[in-house]
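Structure record follows, encoded as structure tokens.
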Amino acid sequence: MIKATVTVMPKSTVLDPQGEAVCKAIHALGMGCVETVRIGKSIKLEIEGTNIEKTKSRLHEIGDSLLSNPVIEDYHIELELVSQSQ
């Protein structure tokens, strides 16, 4: 089995109003040391099989067509091969 995490974040050139609002709220709590906040999403998948390269290729298809908006978001994929007993 393969466990995958797809992390989707707004591109660095795209405004992130939610991240800015959270950053301002953090500052209001007296933690001015936080300079920036970017808000994204994390999608975790469990996938049958052990072929990491094939799985990564398929996840890129899913990431491009379903999990992200390529115009305004970037994503990266982390894969972990795990035994069935975990």
Side-chain angles (χ1 to χ4, degrees):
M1 173 182 285
I2 297 170
K3 288 188 175 183
T5 303
V6 180
T7 304
V8 181
M9 296 294 296
K11 290 186 177 188
S12 61
T13 55
V14 173
L15 291 177
D16 180 5
Q18 187 178 14
E20 290 179 19
V22 169
C23 190
K24 286 179 184 176
I26 290 171
H27 289 171
L29 293 173
M31 293 179 240
C33 59
V34 176
E35 294 185 17
T36 62
V37 176
R38 302 289 285 178
I39 304 280
K41 57 188 171 189
S42 176
I43 301 106
K44 296 192 178 286
L45 305 99
E46 293 181 354
I47 303 161
E48 272 186 36
T50 58
N51 188 325
I52 293 286
E53 289 305 314
K54 182 178 177 183
T55 299
K56 193 171 194 173
S57 175
R58 294 291 293 158
L59 284 175
H60 276 293
E61 291 177 29
I62 294 169
D64 287 336
S65 64
L66 180 67
L67 300 179
S68 72
N69 178 344
V71 174
I72 61 170
E73 296 173 318
D74 290 322
Y75 67 90
H76 75 272
I77 298 169
E78 296 174 39
L79 299 174
E80 177 186 2
L81 186 61
V82 296
S83 67
Q84 294 288 350
S85 60
Q86 288 186 344

*Verify the neighbour count for atom CD of E20: are there more than 12 heavy atoms of other residues, nucleotides or ligands below 6.0 Å?*
yes

*Are V14 and V8 connected, step by step, through hydrophobic side chains (Ile, Leu, Val, Met, Phe, Trp, Tyr) whose heavy atoms are closer than 4.5 Å?*
no

*Using the rule that two of Ile, Leu, Val, Met, Phe, Trp, Tyr join whenever any of their side-chain heavy atoms come within less than 4.5 Å, decide whether I72 and L66 are in one cluster.*
no

*Determine the sole option in L67, I43, V6 for which the side chain to side chain contact (heavy atoms under 4.5 Å, CB included) test with I62 is passed.*
L67

*Atom CG of L81 and atom CE of M1: how far apart are they, to the nearest 0.5 Å?*
10.5 Å

_Over all atoms of both residues, closest heavy-atom pair of G63 and S68_ = O-OG, 2.7 Å

*How far apart are the C-alpha atoms of T5 and S42, what are their side-chain angles, what is the distance that settles it, and do they pass the side-chain contact (heavy atoms from CB on, under 4.5 Å) test?*
CA-CA 7 Å; T5 303; S42 176; 3.4 Å; yes

*To the nearest 0.5 Å, tell me how far T7 OG1 sits from H76 NE2.*
4.0 Å

_Side-chain (Y75) to main-chain (N69) donor-acceptor, under 3.5 angstrom_ = no

*Spacing of I52 atom CD1 and L79 atom CG [to the nearest 0.5 Å]*: 5.0 Å

*Drop me the distance from I2's CD1 to K54's NZ, to the nearest 0.5 angstrom.*
10.0 Å

_For the student: nearest non-hydrogen atoms of E35 and C23, plus distance_ = O-SG, 3.7 Å

_Sidechain-backbone polar pair: D16 side chain, I39 backbone, donor-acceptor under 3.5 Å_ = yes

_Nearest atoms (heavy-atom pairs only) where E73 meets K11_ = O-CE, 3.6 Å

*With distance as the sole test, does T55 use its side chain to make a donor-acceptor pair with the main-chain N or O of N51 at under 3.5 Å?*
yes

*Kindly give the heavy-atom pair with the smallest separation between V34 and H27, and that separation in Å.*
O-NE2, 2.5 Å

*Would you call E61 and R58 a salt bridge, taking side-chain N to carboxylate O under 4.0 Å as the test?*
yes

*So, for G40 and P10, which heavy atoms are closest and what is the spacing to 0.1 Å?*
CA-CD, 4.3 Å

*What's the shortest heavy-atom distance between V82 and K3, and which atoms?*
CG2-CG, 4.0 Å

